[in-house]
Protein chains: 2
Amino acid sequence: MGEQDDSGLTRIQRRNRELILEGALTVFSNSGFRGATIDQIAGEAGLSKPNVLYYFASKDEIHKTLLTTLLDMWLAPLSNIDPEGEPLQEVLDYVAAKLRMSRQYPRESRLFAYEILRGAPHLTEILGGRLRGTVEDAVAILQDWMQSGRLRNVEPHHLIFSIWAMTQHYADFEVQVRAVLGKGHDPFSEAQEFLDDLYRRLLSP
Amino acid sequence: MGEQDDSGLTRIQRRNRELILEGALTVFSNSGFRGATIDQIAGEAGLSKPNVLYYFASKDEIHKTLLTTLLDMWLAPLSNIDPEGEPLQEVLDYVAAKLRMSRQYPRESRLFAYEILRGAPHLTEILGGRLRGTVEDAVAILQDWMQSGRLRNVEPHHLIFSIWAMTQHYADFEVQVRAVLGKGHDPFSEAQEFLDDLYRRLLSP
DNA sequence: CCTGATCCTGACTCTTTGGTCAATAATTGG
DNA sequence: CCAATTATTGACCAAAGAGTCAGGATCAGG
């Protein structure tokens, strides 16, 4: 994940930085940036507060490091869309991959959700830069498929937004989803079925 | 909106409470609960901090009042689904209404998004109570339509989730949407077209 | 097993911020 | 126009939390 610069790091540095980022992910994704405290992060990581600040200059730096480190992993599935693949199946695979990530990495999903909600102070350049580029690549592929009639014609940007919205909803708003569904439901596997049907219907030529 | 108890309130009280809630909505929806300060709220409302605390006992009470006051308005469209109406059109109208609310009341959308993200400490009873009830009513109507073959059969809870996710996405993640689309787009009217097509496809029997 | 570099922490500072309060100003009803 | 009630605020307090630092512990390489 991300541009690791583990080169000049000792074993202890590597381990402790990892512990801190892991703890920070839990804390930031639960409480947001402003709601998180270095003490909580330290507690989660099993280190003292000054020790955390020995490895990262500030709370802000921890946060920024987390975001940039996780962004690649978060966007990867979009780049995995194969222009040579079967169009509908490629999209359905992307949806499934994103939904799986919401289930498996809800903390990451919430971390980004908080950041975008805030207006993305740390991500502004990235949003208009790398993210936009990645999306445009995918859009180009989709448009090609649509023009050749192998996929039904819809606005590709909004198609991608819809996939993001629907899949991340199950991570970001999980308490609401569970409260509304009540006991005895597996939101994610139900969602998988629902979304598979939805995008099949929407995109079958 | 909500159960107003304006009975024993003077003119000044009504006006200032309104100013405070209005300012608080702006501040909370931008920064979240922990990120907001009473000073900011006071500034937004054009009052002094002690004066704000003269009308509300605490920051928490302002927040709770806002949430409960706005919840009714936020859920209203769901209760407006007419069992006697034309099924597909009723759903499309609901989608359009929700999207219109995202455009017109993005602050409310973000306020709730922040709260759910946090785990909804203030809303837990409501989520499993009133919200769940409202959803179940709508689900019953949808199920009826589906059983009588006037609407295609999909899981109604997840249909509702999908509508929430897609429409609120444009308010909650607006900076991302705009960054990805670039200049010269009207996200909301494009979304309206996209969603109309999507749900038409999904639900036409 | 010694030494320099790395690692760790208790105790501290400084700022922010939620909230209080006594004193003052408006307002209102008689 | 005069109490009595309501509204407003400057000055303050206490707690929380980000970040510092001097000194002690640990470790790695020779």
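Values below: all heavy atoms of this structure, side chains included; hydrogens, waters and symmetry mates excluded. In the text below, chain A, chain B and the rest are named by the order of the sequence lines, each starting its count at 1.
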Original post:
The side chain of A/P50 lies closest to which of these nucleotides: C/dA11, D/dG19, D/dT8?
Top reply: C/dA11
Subject >> Phosphate OP1/OP2 of C/dC7: any A/Q13 side-chain N/O under 4.0 Å >> reply: yes
Original post:
Charged N to carboxylate O below 4.0 Å: is that the case for A/K98 and A/D93?
Top reply: no
**OP:** With a 4.0 Å heavy-atom cut-off, tell me which residues in residues 33-45 of chain A come close to DNA chain D, sorted by residue number.
**Re:** A/A36, A/T37, A/I38
**OP:** Could you tell me whether the phosphate oxygens of D/dA7, OP1 or OP2, come under 4.0 Å of any side-chain nitrogen or oxygen in B/T10?
**Re:** yes
Original post:
Hey, does the side chain of A/R11 come within less than 4.0 Å of D/dA28's phosphate (OP1/OP2), counting only N and O?
Top reply: yes
**OP:** If the plane angle is over 60° it's perpendicular, under 30° parallel, otherwise tilted; pick one for B/H122 and B/F33.
**Re:** perpendicular
Original post:
Would A/Y170 and A/S109 count as having a side-chain donor-acceptor pair, cut-off 3.5 Å?
Top reply: no
Subject >> Heavy-atom neighbours of B/E193 CD exceed 12 at 6.0 Å >> reply: no
Subject >> Closest-nucleotide 5' rank along DNA chain C - winner of B/K59 and B/I12 >> reply: B/K59
Original post:
Rounded to whole angstroms, how far apart are CZ on A/R17 and C1' on C/dT6?
Top reply: 15 Å
Original post:
Should the pair B/R103-B/D186 be classified as a salt bridge under the 4.0 Å nitrogen-to-oxygen rule?
Top reply: yes
**OP:** Find the distance A/D60:CG to D/dG17:P and express it as a whole number of Å.
**Re:** 17 Å
Original post:
Is the shortest side-chain N/O distance from B/N16 to OP1 or OP2 of D/dT6 below 4.0 Å?
Top reply: no
**OP:** Figure out the CG/P separation between B/L53 and D/dA14, and round it to whole Å.
**Re:** 18 Å
Subject >> Among D/dG19, C/dG19, C/dC8, the nucleotide that comes nearest once only the side chain of A/Y54 is considered >> reply: C/dC8
Original post:
Under 4.0 angstrom, heavy atoms only, what part of the nucleic acid is B/F56 near: base, sugar-phosphate, or nothing?
Top reply: nothing
Original post:
Is B/R152 paired with A/D197 through a side-chain N to carboxylate O contact shorter than 4.0 Å?
Top reply: yes
Original post:
In terms of side-chain geometry, is the basic nitrogen of B/E22 or B/R17 positioned less than 4.0 Å from the acidic oxygen of its partner?
Top reply: no
Subject >> First encountered from the 5' end of DNA chain D, between B/K49 and B/R15 >> reply: B/R15
Original post:
Can you tell me if the side-chain N/O atoms of B/N51 get under 4.0 Å from OP1 or OP2 in D/dA7?
Top reply: no
**OP:** Return the value, rounded to whole Å, for the distance between atom CD1 of A/I62 and atom P of D/dG19.
**Re:** 9 Å
Subject >> Rounded distance in Å - CZ (B/R14) to P (C/dT27) >> reply: 17 Å
